[in-house]
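Shown next, in structure tokens, is the structure this report addresses.
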Amino acid sequence: MARHNREGEGVDQHGFAYRISYQPDWLRQVKISRDLTSGRRSTMTLFRNPLERQESAPGDQVRTRITCPEQGVDVEVAVRCHDGGVCRIVVSCEVPRSGGNGNEEVAFVIENGLAPPLG
């Protein structure tokens with residue numbers, strides 16, 4: 001039986017705070033990719049599940065929500081995945097560019113990969 005979502009948080013390359021609602025037996029980590037002021041693109045781990053292994057089977061649906069009110073981000077992804085087949089989900093959206101010149105694409109990489117439960 002899958003367990004209820006947990007809440008986590010992280011801070012990106014520009015100091016914006018994000019809330020992550022995640023399934024504790026599926027999600028391993030969330031990475032974020034966005035532009036730096038130098039013009040280069042940077043990817044970093046936004047959140048890592050504190051669990052190292054599943055406590056029970058993840059269930060047939062993967063659901064993750066990422067919010068950052070300051071950036072206007074509120075994305076929720078729900079995917080049906082029988083037998084735990086979903087390894088990675090990539091979601092990208094546009095947010096206001098730091099410094100106020102237009103928009104930029106921000107990508108979230110939501111990854112599975114926890115070890116199975118003991119026993």
Side-chain angles (χ1 to χ4, degrees):
M1 174 64 104
R3 297 183 297 144
H4 294 288
N5 274 20
R6 302 291 185 265
E7 298 289 323
E9 54 191 34
V11 176
D12 75 4
Q13 298 91 322
H14 294 291
F16 293 108
Y18 291 80
R19 301 274 308 154
I20 294 95
S21 174
Y22 67 98
Q23 290 176 267
D25 295 309
W26 183 84
L27 182 85
R28 182 172 52 97
Q29 65 185 4
V30 175
K31 291 184 177 183
I32 185 170
S33 178
R34 69 180 306 163
D35 295 338
L36 298 176
T37 54
S38 67
R40 296 183 59 198
R41 189 121 179 116
S42 169
T43 300
M44 66 174 279
T45 301
L46 183 63
F47 172 78
R48 187 179 315 272
N49 187 340
L51 298 178
E52 293 183 16
R53 67 177 49 254
Q54 302 168 348
E55 291 182 11
S56 64
D60 287 343
Q61 181 172 291
V62 173
R63 193 177 85 247
T64 304
R65 183 176 183 193
I66 302 168
T67 59
C68 176
E70 190 176 9
Q71 288 278 275
V73 173
D74 188 349
V75 294
E76 184 171 15
V77 177
V79 179
R80 291 209 178 277
C81 58
H82 302 288
D83 300 325
V86 175
C87 301
R88 177 177 297 122
I89 301 165
V90 179
V91 177
S92 61
C93 56
E94 283 193 347
V95 300
R97 185 176 303 280
S98 292
N101 293 334
N103 292 331
E104 71 169 294
E105 179 185 354
V106 173
F108 301 99
V109 180
I110 304 163
E111 297 181 333
N112 185 3
L114 292 178
L118 293 173

When clusters are formed by joining ILVMFWY residues with side-chain heavy atoms under 4.5 Å apart, either directly or through shared neighbours, do [X] and [Y] land in the same one?
{"X": "Leu51", "Y": "Leu27", "answer": "no"}
{"X": "Val95", "Y": "Val109", "answer": "no"}
{"X": "Ile110", "Y": "Met44", "answer": "yes"}
{"X": "Val62", "Y": "Leu114", "answer": "no"}
{"X": "Val75", "Y": "Val90", "answer": "no"}

For [Y], is there any backbone N or O sitting under 3.5 Å from a side-chain donor or acceptor partner on [X]?
{"X": "Glu9", "Y": "Phe47", "answer": "no"}
{"X": "Asn49", "Y": "Pro24", "answer": "yes"}
{"X": "Glu76", "Y": "Arg65", "answer": "no"}
{"X": "Gln23", "Y": "Arg63", "answer": "yes"}
{"X": "Arg53", "Y": "Ala115", "answer": "no"}
{"X": "Trp26", "Y": "Val86", "answer": "yes"}

Carefully, step by step, assess Arg28 and Asn112 under the rule side chain to side chain contact (heavy atoms under 4.5 Å, CB included). CA-CA 5 Å; Arg28 182 172 52 97; Asn112 185 3; 5.7 Å; no
Got a sec, which residues hit side chain to side chain contact (heavy atoms under 4.5 Å, CB included) with Ala107, two or more places apart in sequence or on another chain?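 Residues passing side chain to side chain contact (heavy atoms under 4.5 Å, CB included) with Ala107: Ser33, Arg41, Ser92.
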If you compare all heavy atoms of Cys68 against all heavy atoms of Ala17, which two are closest, and at what distance to 0.1 Å?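 Closest approach of Cys68 to Ala17: SG-O, 3.2 Å.
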Taking all heavy atoms of Arg34 and all of Pro96, pick out the closest pair and write down the distance.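 What the structure gives for the nearest pair is NH2-O, 4.3 Å.
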Side chain to side chain contact (heavy atoms under 4.5 Å, CB included) between Gln61 and Val79, intermediate numbers included: CA-CA 5 Å; Gln61 181 172 291; Val79 179; over 6 Å; no
Report, as yes or no, whether the 6.0 Å neighbourhood of atom CD on Glu52 holds more than 12 heavy atoms from other residues, nucleotides or ligands. no
Euclidean distance, Ile20 CD1 relative to Ile66 CD1, rounded to 0.5 Å: 6.0 Å
Just verifying a value: how many Å separate Arg6 CZ and Ser21 OG, rounded to the nearest 0.5 Å? 10.0 Å
Report the residues that fulfil salt bridge (charged side-chain N to carboxylate O under 4.0 Å, His left out) with Arg97, sequence neighbours left out, ordered by chain and then residue number.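 Per chain and number, Arg97 pairs via salt bridge (charged side-chain N to carboxylate O under 4.0 Å, His left out) with Asp35.
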Apply side chain to side chain contact (heavy atoms under 4.5 Å, CB included) to Tyr22 and Gln29, showing your working. CA-CA 10 Å; Tyr22 67 98; Gln29 65 185 4; over 6 Å; no
Do Ile32 and Val30 have side-chain heavy atoms sitting under 4.5 Å apart?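 Of all side-chain heavy-atom pairs linking Val30 with Ile32, none is under 4.5 Å.
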Check: Glu104 and Glu94 side chains under 4.5 Å, non-hydrogen atoms: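 No, side chains not in contact.
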Side chain to side chain contact (heavy atoms under 4.5 Å, CB included) between Val106 and Val73: does it pass, once the steps are laid out? CA-CA 10 Å; Val106 173; Val73 173; over 6 Å; no
Counterpart residues, ring pair (Phe, Tyr, Trp, His ring centres under 6.0 Å), relative to Tyr18 (two or more places apart):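 For Tyr18, the residues satisfying ring pair (Phe, Tyr, Trp, His ring centres under 6.0 Å) (neighbours in sequence not counted) are Phe108.
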Criterion side-chain hydrogen bond (donor to acceptor under 3.5 Å, both in side chains) on Asp74 and Thr67, from CA distance to verdict: CA-CA 4 Å; Asp74 188 349; Thr67 59; 5.7 Å; no
